[in-house]
Amino acid sequence: MQYQSFNPPQRLLMGPGPSQVSSRVLAAMARPTIGHLDPQFVRLMDEISELLRGLFRTRNQLTMPVSAPGSAGMESCFANLIECGDKVIICRNGYFGGRMQEMAERMGGQVVMVEDEWGDPVDPAKAEDALKQHPDAKVLAIVHAETSTGALSDAKTLAALAHKHNCVTIVDAVTSMGALPLEVDEWELDAVYSGSQKNLSGTPGLSPLTFGPRALERIKQRRSRCQSWFMDVNLVMQYWSGESKRAYHHTAPINALYALHESLLMIHEEGVENAWARHAAMHKVMRAGLEALGLTYIGRDGARLPNLNAVMLPDGMNEGLLRARLLDDFELEIGGGLGALAGKAWRIGLMGTACSAENVLTCLSAVGAVLAAEDSSIDAGAGVAAAARLLNA
Ligand SMILES: *Cc1c(COP(=O)(O)O)cnc(C)c1O
């Protein structure tokens with residue numbers, strides 16, 4: 001066997017993540033590795049925490065990236081906030097609520113599920129019923145932006161309900177942070193995590209996390225130690241915190257953190273509110289184009305994510321085949337449907353640096369081409385034309 005260096009193709013990533021990583025971020029990652037306790041690196045860590053506070057819109061001291069992907073941010077929240085036997089209410093309206101259930105059960109949580117249809121937002125009335133029926137519950141967990149369906153839930157209302165019933169909130173903001181309003185302090189969200197590879201357009205493998213006062217109080221009151229040594233925030237913070245002397249906890253993924261810093265800097269330069277506005281504006285253009293090509297949006301008006309366009313294909317189309325053609329012939333990656341939507345739907349991401357007029361037009365022209373090849377009644381250029389009308393208006 002003759003081994004060679006791996007040279008990946010140059011794709012355009014417009015799926016549910018990872019999203020496009022800019023050359024600026026990739027260049028940052030290639031800078032020289034230094035030590036994880038080097039004073040220069042410690043300064044970078046402080047800046048990363050500060051930039052993350054800006055994105056989470058929080059003053060929480062405990063704000064840092066977990067050295068592992070978004071799922072590890074999720075696991076960190078459950079590991080720190082629940083103890084064996086604790087009752088946990090989890091709202092599930094798609095794939096990721098199910099992952100939360102898996103984690104909470106493995107940690108010995110007594111899990112109560114609040115179910116909504118895939119595609120719908122979490123219904124606050126159902127969540128409130130569960131909170132009333134289970135006054136001993138300790139945690140309410142929700143997915144702010146459900147990437148499997150494109151549904152946006154009302155995190156602020158759900159957090160207020162949770163607090164009324166003495167629960168702390170765990171909020172999955174993997175797909176919301178950086179693309180749409182997320183206000184950790186104003187909405188009083190207690191434990192919130194995100195991911196580097198979606199709207200931040202960083203390289204995959206890091207999970208920004210923030211814990212507020214209620215979460216810290218809950219941790220203080222624990223009767224048992226956090227089950228996970230690696231994720232125990234009391235230990236991790238001895239490395240990340242600026243206050244006490246830095247102590248070795250684990251070797252940070254130094255170069256991945258250079259990349260995260262650069263991607264956070266890019267959003268900071270743009271302004272987080274401008275980034276939200278860009279995602280909202282490009283979503284409108286993408287929507288006009290996809291609908292002109294005969295694709296229909298899943299979910300409800302007013303509760304859709306701007307950065308994850310979940311659409312049904314016309315009947316009889318082979319979505320997997322068409323998606324493979326997009327990748328092979330046009331270097332474009334989009335996502336397929338998950339669960340009940342598998343084989344019938346596409347998930348087209350507009351995340352971070354991928355969210356531009358240029359990429360919307362590229363995507364619509366490629367999608368138009370593959371759809372028209374299957375069905376001659378579809379006008380290959382209809383999507384681009386509809387998008388151009390909006391862009392030129
Ligand atoms: C992608 C995603 C995750 C998991 O992130 P990984 O980096 O893949 O572990 C969790 N929650 C939501 C809503 C996501 O979209």
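Quick caveat: nothing in here was measured; it's all calculated off a predicted structure. When a ligand or atom number is given, it counts from 1 through the structure's own listing order. Note that the numbering runs from 1 along the sequence shown for the chain.
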Any idea which protein heavy atom is nearest [atom], and the distance to it?
atom	value
atom 5 (O) of ligand 1	Gly70 CA, 3.5 Å
atom 12 (C) of ligand 1	Asp172 OD2, 3.4 Å
atom 3 (C) of ligand 1	Phe96 CE2, 3.5 Å

Please identify which atoms of ligand 1 are closer than 4.0 Å to at least one heavy atom of [X].
X	answer
Ala145	13 (C)
Thr147	12 (C), 13 (C), 14 (C), 15 (O)
Thr175	15 (O)
Gln197	5 (O), 6 (P), 7 (O), 8 (O)

Handout entry: Heavy atoms from other residues, nucleotides or ligands near OH of Tyr297 exceed 12 (cutoff 6.0 Å)
Key =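 Result for OH/Tyr297: enclosed.
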Problem - Proximity to ligand 1 by part of Lys198, non-hydrogen separation under 4.0 Å - result: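 The answer is the side chain.
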Practice task
With atom 9 (O) of ligand 1 as the reference point, say which of Ser71, Pro16, Ser207 has the nearest heavy atom.
Solution key: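 That would be Ser71.
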Practice task
Answer yes when Lys138 and Glu83 have at least one side-chain N-carboxylate O distance shorter than 4.0 Å, and no when they do not.
Solution key: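 Glu83 and Lys138: not salt-bridged.
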Practice task
Dump the intermediate steps for side chain to side chain contact (heavy atoms under 4.5 Å, CB included) on Cys355 and Arg278, then the final yes or no.
Solution key: CA-CA 7 Å; Cys355 178; Arg278 172 168 52 86; 3.5 Å; yes
Handout entry: Non-hydrogen atoms of Ser67 and His250 that approach each other most closely
Key =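 So the two residues come closest at OG-NE2, 2.7 Å.
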Problem - Where Leu200 and Pro208 come nearest, the two heavy atoms and their spacing - result: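 That closest heavy-atom pairing would be CD1-CG, 4.1 Å.
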Handout entry: Trace of the side chain to side chain contact (heavy atoms under 4.5 Å, CB included) decision for Tyr258 with Phe41
Key = CA-CA 9 Å; Tyr258 297 166; Phe41 186 68; 4.2 Å; yes
Practice task
To the nearest 0.5 angstrom, please state how far the CE atom of Met14 sits from the CG atom of Asn359.
Solution key: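 Here the interatomic distance stands at 5.0 Å.
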Practice task
Please confirm whether Tyr193 comes within less than 3.5 Å of ligand 1 when only nitrogen or oxygen atoms on both sides are compared.
Solution key: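 Between Tyr193 and ligand 1 (N or O atoms, distance only) the closest approach is not under 3.5 Å.
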